[in-house]
Each structure stands twice: as C-alpha cells, then as structure tokens.
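Each chain gets a letter, A, B and so on, in the order the sequences are listed, and its residues count up from 1.
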4 protein chains.
Amino acid sequence: MTKPHPSRNRSRDPERTRAAILSAARAEFVEHGFTGARTGIIATKAEVPQGLIYHYFEGKQDLFDAVMEEVFAPYFDGMMAMLSGAQEVGPDLLEQAIRLYFHFLKENPHVPRLLAWWMANQGWKDKPLVHKRELGAELEVLGAQRIAEGQAAGFIRPELDPGFVVKTFVDICLMWHMSKGSHLLECGLVEGCEDRDLEYLEHAIEVFMRGIATSPPSS
Amino acid sequence: MTKPHPSRNRSRDPERTRAAILSAARAEFVEHGFTGARTGIIATKAEVPQGLIYHYFEGKQDLFDAVMEEVFAPYFDGMMAMLSGAQEVGPDLLEQAIRLYFHFLKENPHVPRLLAWWMANQGWKDKPLVHKRELGAELEVLGAQRIAEGQAAGFIRPELDPGFVVKTFVDICLMWHMSKGSHLLECGLVEGCEDRDLEYLEHAIEVFMRGIATSPPSS
Amino acid sequence: MTKPHPSRNRSRDPERTRAAILSAARAEFVEHGFTGARTGIIATKAEVPQGLIYHYFEGKQDLFDAVMEEVFAPYFDGMMAMLSGAQEVGPDLLEQAIRLYFHFLKENPHVPRLLAWWMANQGWKDKPLVHKRELGAELEVLGAQRIAEGQAAGFIRPELDPGFVVKTFVDICLMWHMSKGSHLLECGLVEGCEDRDLEYLEHAIEVFMRGIATSPPSS
Amino acid sequence: MTKPHPSRNRSRDPERTRAAILSAARAEFVEHGFTGARTGIIATKAEVPQGLIYHYFEGKQDLFDAVMEEVFAPYFDGMMAMLSGAQEVGPDLLEQAIRLYFHFLKENPHVPRLLAWWMANQGWKDKPLVHKRELGAELEVLGAQRIAEGQAAGFIRPELDPGFVVKTFVDICLMWHMSKGSHLLECGLVEGCEDRDLEYLEHAIEVFMRGIATSPPSS
DNA sequence: TATGAATGAGGGTTCATTCAT
DNA sequence: TATGAATGAACCCTCATTCAT
C-alpha cells in the first residue's frame with residue numbers, strides 16, 4: 001500500500017537552496033512587509049516545498065531577520081568603510097559620502113523598501129535594525145565625529161549639532177528613494193526620466209552643503 | 001434559523017458608534033498597517049460586535065480608506081489654507097510653512113505613522129493617498145508656485161527647482177517624525193527630552209533656509 | 001442628544017407592504033432557493049427595512065411557507081376545479097387537462113421553479129408541499145378517479161394504474177418547464193423560438209394519448 | 001507565530017484522503033445543494049481538518065465541480081456506450097435503453113438528486129453540466145440519431161421530432177427518481193414496497209412505446 | 001535533505017434575527 | 001407600523017507550522 005518514494009530531490013545543494021529561499025523571501029518582504037509576506041509564496045518563488053524553509057530557518061521571523069541581516073550588512077559595512085577610510089577631512093569628504101550613500105540606495109532598491117517597512121512597523125521598537133551588530137549607533141557616532149572634525153577644521157558651522165547634520169543628509173537621500181512610486185508628492189515623477197534622481201542629488205547637495213557651510217562657496 | 005441572542009447594551013447612537021469604530025480602526029492601522037490590522041481587534045477596541053463594522057463600512061479596505069480620509073483631510077486642508085492664505089511672499093512665509101508643517105506632524109502623530117505604512121506598501125502605487133480629492137498634486141503645485149514667487153522676488157536662488165525645494169523641506173519634517181521610535185539612527189532619542197523635536201526644527205530651518213537663500217543672512 | 005424621529009413611514013399600507021415583501025420573497029426564492037435566498041435582499045427588493053419582514057412573518061421559513069402557499073393555492077385550486085368540473089368523461093377531458101396544466105406552468109413560471117427547489121431539497125421530506133391543505137393527495141385521488149372513469153368508459157386501457165397515468169402526464173409537463181434554461185439536454189433550446197413549447201405539448205399529447213388509449217385513433 | 005499543535009492521526013494517504021473528501025462532499029451536496037452545503041460538515045464527515053480541503057481543491061466551487069464530474073462521468077459514458085454500441089436498431093434497442101437508464105438512476109441515487117439541484121439552480125445557466133466534456137449535447141444528438149434510424153426503419157412514427165422523443169423518455173425516468181421522497185404527488189409511495197419502481201418502469205415503457213410506435217403491438 | 005500532506009487557530013465577512021426608537 | 005442599528009454565531013478560506021515518508 002505504501003507508495004515507494006516517488007520523488008527525488010532536484011537540486012540537492014543546500015547552499016543554493018538556502019540562497020534561493022533567502023532571495024525569494026527578500027522579494028516577498030520587500031513587496032508586502034513582514035505581516036503581509038506569505039511563507040507559501042516564498043516557497044513557491046524559491047521553488048522549494050513549503051516545509052523546507054523550516055530546515056534552514058526557524059520560522060518566518062527568523063527568515064525575516066536573516067533577510068535584514070543580509071540586506072543591511074553591506075549597507076552598514078559600506079558606510080563604515082567610507083566614513084572611516086577617508087584621511088583628509090574636507091568639504092569633499094562629506095559630499096562624497098552623500099553621493100555614495102545616494103547611489104547605494106539607488107542601486108539597492110530593497111534597502112529603502114525594507115527600511116520603509118521597518119520604520120512603519122513600530123512594533124519592533126526595541127529591536128535593533130540588524131540583529132548581531134549595533135552598527136546603526138556606531139555609524140552615527142562615527143558620522144557625527146567626522147562632522148565634528150569638519151567643524152573643528154572650520155568647514156562646517158560650529159553651532160550645528162553633528163548628529164542632526166548626519167540625520168538631515170541621511171533622511172534626504174533615504175526619503176527620495178523611499179517615496180519613489182508612492183503618490184505622496186508627485187515630485188520627480190513628472191518626466192519619468194531617470195536623471196531626475198541625479199538632478200535631485202545635485203540639488204540636495206547644493207542646498208545642504210551651502211546650508212551647513214561656514215561661508216557660502218564662491219561657486 | 002440562527003436564533004439570536006439576549007442582548008445587553010444596545011447603545012443606539014449611530015454617530016457615536018461610527019466614530020468609535022473609526023477611531024479604533026485608526027489606532028489599529030497606525031500600529032499594524034493595513035495587512036496587520038485585525039477587524040476583530042478594531043471591534044473589540046470600539047466595543048462593538050465585529051459584524052457591526054460591516055454595517056458602517058463595506059469592508060476592511062473601505063474602513064481603511066475612511067480612516068485615511070479622516071486623517072489626511074485636515075492635513076491637506078491646513079496646508080492649502082496656509083500656503084494660499086499668505087499675502088506677502090518673503091522668507092518668513094516659507095519658514096512659517098515649515099514650522100506649521102512640523103508642528104502639525106508633531107501634534108498629529110498618526111499622520112506620519114500612516115504615511116509610513118502608505119509609503120512602505122507600494123501595492124497602492126496607483127491609488128491617490130486620499131480618495132476623493134487630488135490635493136496632493138494641487139498642494140505641490142501651489143507650494144512650488146510660492147517658491148517660484150520667492151525666486152522672482154529674489155529671496156530664493158533662481159537656479160533651484162521649486163518642486164525639489166518643496167520636497168526637501170517636506171521630507172525633512174516628515175522623516176523626523178516617521179523615524180521616531182525606530183532604531184534606525186538613534187539621533188534625537190538620546191536624551192529623550194521632548195525639546196529635541198524643536199531643536200531639530202530650528203536646526204533644519206537654519207540649514208535649509210540658508211541653503212536656499214540667495215545671500216547668506218548676516219545672522 | 002436623542003434625535004427626534006427623523007424619518008416617517010412612507011407607504012403606511014400594511015396590505016401593500018405585505019404584498020411587496022411576499023412578491024420580493026417569491027422572486028428571491030425562485031432564483032436562489034430557500035437556503036440561498038437572503039432576507040436582506042428580499043427587504044431591499046421590497047423596499048422595506050430589514051426588520052419589517054418580522055412584523056409580517058415569523059421568520060425566513062414562515063415567509064417561505066407563505067410564498068409557497070400563495071403560489072400553489074391557485075395551482076391546486078385550478079386543478080381541482082378543472083378535474084371536478086367536467087361532466088362528461090371522454091378522451092377530451094384528459095387532453096384538456098393536459099393542455100390546461102401545461103399552459104398554467106408556462107404562464108406561471110415560478111411554479112416549476114419553486115417545485116424544482118422543493119424537489120431538490122429532500123430536507124422537507126415529511127412536510128406537505130402546501131401547509132394548510134392536503135390538496136396534493138386529494139388532487140391525485142381525484143385525477144386517478146377520473147382516469148378510472150375513463151377506463152370504465154372504455155377510453156383508457158384498463159390494465160394501467162390510474163395513479164401512474166396521472167403521474168406520467170404531470171411529470172412530462174412539469175419537466176419540460178423545469179428543465180428550461182438548464183443545459184441538461186439541450187432539446188428545445190435550439191431554435192429559441194417560443195413555439196417550441198407548443199410543439200412539444202402537441203408531441204406529448206400525441207404520444208401520451210396514443211399510449212394510454214384502448215385503440216389507436218384513426219388519426 | 002501561530003505555534004501549531006500536537007497532532008494525532010497523520011494518516012498519510014493522499015489518495016484516500018482525497019477520496020474521503022470527495023465522498024463526503026457528494027453526500028453533503030446531495031443533501032443540501034451547493035449553497036446549503038457546509039465545508040465544515042464535509043470536513044467532519046471526511047474526518048479531516050477543514051483546511052485540508054483546500055489542499056486538494058481550490059474552493060467549495062471546485063469541490064462541487066469535482067463531485068459533479070465524478071458523478072456524471074459514468075452517467076454519460078454509460079449512456080454513450082449503450083446508445084452507440086447497439087448494432088441492430090429495433091424496438092428492443094429503445095426499450096433496453098430506457099430500462100438501462102432507469103436502472104442506472106435507481107442504483108445511483110445521487111445522480112437524480114444532483115440533477116435536481118442543478119436544475120433548480122438556474123444560476124448555472126451557461127455552465128455545462130460537466131466541466132470537461134460537452135457530452136450532454138453529444139448524447140442527445142446520438143440519441144436523436146438512433147430515433148431517426150428507428151423512424152427510417154419503420155418502427156417509430158416518422159412525424160415525431162426525434163429530440164422530443166428522447167426528451168420524453170429521459171424526463172419520465174428522471175422525474176420518477178427525482179420526485180421520490182418529495183410529497184409532490186404521492187404516487188408510488190403508498191405501499192412503500194420497492195417494486196413500485198419496476199411497476200412504474202413497465203407502465204412507462206408500455207405507454208411510451210405504444211405512444212411512439214407506428215402500429216399498435218398486438219399485445 | 002527533501003517533499004507535500006496534515007493541522008487547527010484565526011481572518012474577514014455574511015446573515016437571520018432582535019430591539020430601541 | 002416603521003426604521004435601521006445591533007448582535008453573535010457561523011461560514012469559507014488562509015496560513016504558519018509540523019511531521020511522516
């Protein structure tokens with residue numbers, strides 16, 4: 001009566017399988033957030049049976065955490081490298097940082113998307129964005145430090161709160177990418193040409209750098 | 001069939017009931033977003049039987065739309081009034097607009113919360129934020145107009161794209177309130193004192209106004 | 001706080017109201033059967049508030065019974081009148097009865113429709129079709145009697161069971177109208193011309209009368 | 001989330017499970033029709049959790065379709081085989097067909113029951129009775145053809161519409177079994193002895209064959 | 001490791017019916 | 001009588017998760 005094993009495993013490559021699940025999960029979480037994501041759909045997208053997810057991850061939450069980890073590790077690492085790697089602190093460093101950040105978001109669209117979900121869902125309140133490391137805080141400290149150095153060097157007006165400066169520039173870049181596609185304010189969607197991104201970047205740098213500089217650039 | 005039941009508190013005040021449901025729904029949507037919100041919990045919070053929700057609203061989606069309408073109507077109305085009401089265009093108008101907007105968000109915390117969910121959920125893509133009116137677009141046009149007037153009057157550097165200027169200032173205010181409570185960047189949470197809000201507002205105005213001004217204020 | 005009676009009754013004509021409900025109910029039961037019918041829709045169709053139904057009827061079941069009564073009373077009455085009214089029993093009486101029955105069904109399409117629902121739903125098993133009277137049985141007895149008279153008079157073959165004869169002719173007529181519109185066997189739907197009904201009637205009479213006659217009509 | 005539960009009898013026999021669901025569904029649909037059937041009761045009868053139904057079927061409708069398919073496939077197949085299989089066309093072929101059909105309905109009581117529901121529910125109007133095949137139409141064509149052959153051979157009166165002849169004989173058999181148990185006309189229920197079925201069959205054949213024959217049998 | 005059947009707690013929604021006004 | 005808000009038990013279906021194979 002008992003049927004002999006009718007099916008065999010296809011890929012038999014744990015590494016690949018895990019990656020497939022993770023990738024499918026990322027897409028699903030990006031699109032629907034944690035609550036809206038369906039493990040069944042993730043399995044389908046990853047072309048694995050539903051149950052297999054639970055061999056690689058402890059559950060939906062764990063899978064989500066893994067996705068966040070995978071997505072934000074390079075984000076934080078890159079930021080750290082960038083901020084800590086520059087030798088000479090000048091106006092250029094900050095400008096470069098902004099550009100780098102902006103382009104990173106542009107090229108990794110899941111980052112702003114997942115951040116948007118993260119921010120919306122205040123349920124996580126006390127959970128750090130990335131599980132293992134407390135890079136968020138570190139990053140900010142480092143960024144603020146660099147700003148402070150800029151202030152000491154006379155490029156940046158000393159009365160500004162370094163933390164605020166960092167937040168302002170991060171927020172402007174982030175918001176541009178997070179609000180893409182939502183009809184919140186239509187700005188930038190009008191023409192539909194991709195260069196709007198870069199145009200906005202230039203605008204933001206213009207305004208922002210001038211806003212924090214000690215003296216207006218002769219430009 | 002389905003012999004009904006002994007009743008308890010037939011309150012008999014439709015106006016009140018509807019408001020209770022709407023209010024409970026707002027809280028639930030704010031906390032969990034559309035997908036995560038549970039009609040059962042809304043009913044419990046509103047102290048009505050679950051079925052009654054469907055007497056007042058066509059379904060979860062309709063309820064959500066009603067909440068959005070209710071929340072954003074004053075938002076758009078206030079913005080419009082403010083922007084269109086000012087006679088003389090000077091640097092003060094813009095500054096006042098920023099302050100007004102910032103305080104509105106501060107005093108109506110569901111607005112940034114719901115906006116955060118809205119932005120995260122790109123599924124709505126082609127749905128205007130508020131059902132009946134297309135105020136979002138109107139607002140931006142009006143704001144941009146005012147900026148252009150400022151440029152014509154010589155207060156604002158003419159090479160800036162008015163739409164971008166509006167977006168920058170909106171985003172800075174919005175992001176501050178949206179990111180409250182999420183451990184994204186810890187900025188502003190450190191002390192926990194409420195004045196951080198106002199401090200940041202002053203900072204933002206400082207930087208932003210200087211960034212867009214034609215000549216640096218003598219400060 | 002308590003609102004003064006904001007609405008007045010419109011029609012204030014109990015007779016009319018009852019009739020409206022009954023009529024709407026009939027349409028709804030015809031279309032969806034007892035289980036599928038919705039009291040809410042009946043109320044809407046009748047343009048009365050939901051609750052009003054319960055002033056006129058005890059509930060859905062009672063309403064259904066009332067509809068059945070109203071629909072089948074003329075059915076049974078007419079049959080009785082026809083069968084009992086004829087004086088002379090000849091082949092014509094039976095043929096006329098068939099014609100009458102067939103046309104009655106044709107002109108009162110809810111009858112076959114409700115009968116179809118009734119037959120499908122064996123849950124009623126022990127409930128007579130019409131509440132108050134036991135006309136079904138009476139009718140058959142009377143019909144069978146007339147057949148027996150016909151047998152005695154030599155028009156109808158004596159070896160036939162009179163009850164069967166009645167049933168056969170009733171069933172043929174009934175089935176024609178009950179199966180209208182269902183793609184069971186497409187017969188009769190082909191041309192779509194209404195005369196198919198009458199053509200079939202002639203066919204049925206032809207076959208049936210010949211089938212029960214003692215000697216084939218010279219035709 | 002939703003930590004699952006201790007399990008009991010994981011039976012692990014998909015074939016069997018599917019069959020159990022289908023069988024329970026058939027019983028439920030027979031008894032209450034599509035609208036009146038409850039998936040919960042089906043699950044209970046089949047001794048499976050309610051959710052499992054949706055592993056095998058897409059929904060109630062799909063389940064219903066599967067039941068119809070399963071029930072009517074043999075019906076149509078048998079009819080086709082019978083009608084197409086006979087070599088010599090004589091009066092016997094038709095008589096045999098009637099007997100076969102009648103006995104099929106007698107031994108497969110769900111067929112008339114489901115047909116009754118189907119006929120009652122005109123909502124399906126444009127849906128063929130059985131999903132995949134259009135056998136209904138084919139069947140009638142074939143049946144009509146056979147009748148026409150009988151007319152050509154001189155057994156059946158040529159002025160009769162073959163389609164009508166088929167319908168008449170199908171309807172008589174069907175109606176007998178469909179009306180069983182409903183107190184429409186009490187005929188045949190009086191004695192309660194099972195032979196009434198066969199008695200009626202003989203009656204029907206007698207009347208019907210005589211009614212369509214070219215010349216009355218010498219009997 | 002892989003597979004997909006099995007599990008049962010809700011999820012949103014409907015509905016007949018009651019009742020205050 | 002008339003009105004429509006109120007009630008709560010189902011109903012169909014979904015879903016994260018477990019487990020036999």
Rounded distance (nearest 0.5 Å) linking atom [atom1] of [X] with atom [atom2] of [Y]:
X        : Y        : atom1 : atom2 : answer
B:Thr17  : B:Tyr56  : OG1   : OH    : 4.0 Å
A:Trp118 : A:Met68  : CH2   : CE    : 5.0 Å
B:Met119 : A:Leu115 : CE    : CG    : 10.0 Å
D:Trp117 : D:Glu31  : CH2   : CD    : 9.5 Å

Calculate the interatomic distance between [X] atom [atom1] and [N] atom [atom2]; express it in whole Å.
X       : N      : atom1 : atom2 : value
A:Glu15 : E:dT1  : CD    : P     : 12 Å
A:Asp13 : E:dT1  : CG    : P     : 12 Å
A:Asp62 : F:dA16 : CG    : P     : 15 Å
B:Phe64 : E:dG12 : CZ    : P     : 14 Å
A:Ile41 : F:dA16 : CD1   : C1'   : 13 Å
B:Arg12 : E:dA20 : CZ    : P     : 8 Å

Secondary-structure string, 5' to 3', Watson-Crick or G-U under 3.5 Å, | for another-strand partners, for DNA chain E
.||||||||||||||||||||
Would you classify C:Phe57 as touching base, sugar-phosphate or nothing, given that sugar-phosphate means primed atoms plus P, OP1 and OP2, and contacts are heavy atoms under 4.0 Å?
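The residue C:Phe57 makes no contact with any strand.
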Distance-only donor-acceptor pairs under 3.5 Å for side chains of residues 36-45 of chain C, two or more places apart:
{"from": "C:Arg38", "atom 1": "NH1", "to": "C:Thr35", "atom 2": "O", "distance (Å)": "3.2"}
{"from": "C:Thr44", "atom 1": "OG1", "to": "C:Gly40", "atom 2": "O", "distance (Å)": "2.9"}
{"from": "C:Lys45", "atom 1": "NZ", "to": "C:Glu28", "atom 2": "OE1", "distance (Å)": "3.0"}

So does [X] get a side-chain nitrogen or oxygen closer than 4.0 Å to the phosphate oxygens (OP1/OP2) of [N]?
X       : N      : value
D:Tyr56 : E:dA6  : yes
C:Thr17 : F:dT1  : no
B:Thr39 : E:dT13 : no

Measure the shortest side-chain to side-chain distance between [X] and [Y] over non-hydrogen atoms and say whether it is less than 4.5 angstrom.
X        : Y       : result
D:Leu63  : D:Leu22 : yes
D:Asp65  : D:Gln61 : yes
C:Leu114 : C:Val67 : yes

List for me each residue that meets side chain to side chain contact (heavy atoms under 4.5 Å, CB included) alongside C:Glu47, sequence neighbours excluded, and say none if there are none.
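C:Glu47: no side chain to side chain contact (heavy atoms under 4.5 Å, CB included) contacts found.
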Residues forming a side chain to side chain contact (heavy atoms under 4.5 Å, CB included) with B:Gln122, sequence neighbours excluded
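B:Gln122: side chain to side chain contact (heavy atoms under 4.5 Å, CB included) contacts with A:Arg113, A:Ser182, B:Lys125.
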Strand-adjacent residues in residues 20-38 of chain D, judged by heavy atoms under 4.0 Å from DNA chain E:
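Of all residues in residues 20-38 of chain D, none places a heavy atom under 4.0 Å from DNA chain E.
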Is there a residue in residues 46-55 of chain C whose heavy atoms reach under 4.0 Å of DNA chain E, and which residues are they?
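Contacts with DNA chain E under 4.0 Å: C:Gln50, C:Gly51, C:Tyr54.
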Over 60° means perpendicular and under 30° means parallel, so classify the ring planes of A:Phe34 and A:Phe29, tilted if in between.
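If you compare the ring of A:Phe29 with that of A:Phe34, the planes turn out parallel.
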State which of E:dA2, E:dT13, F:dA5 makes the closest approach to the side chain of B:Lys60.
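The nucleotide sitting nearest to the side chain is E:dT13.
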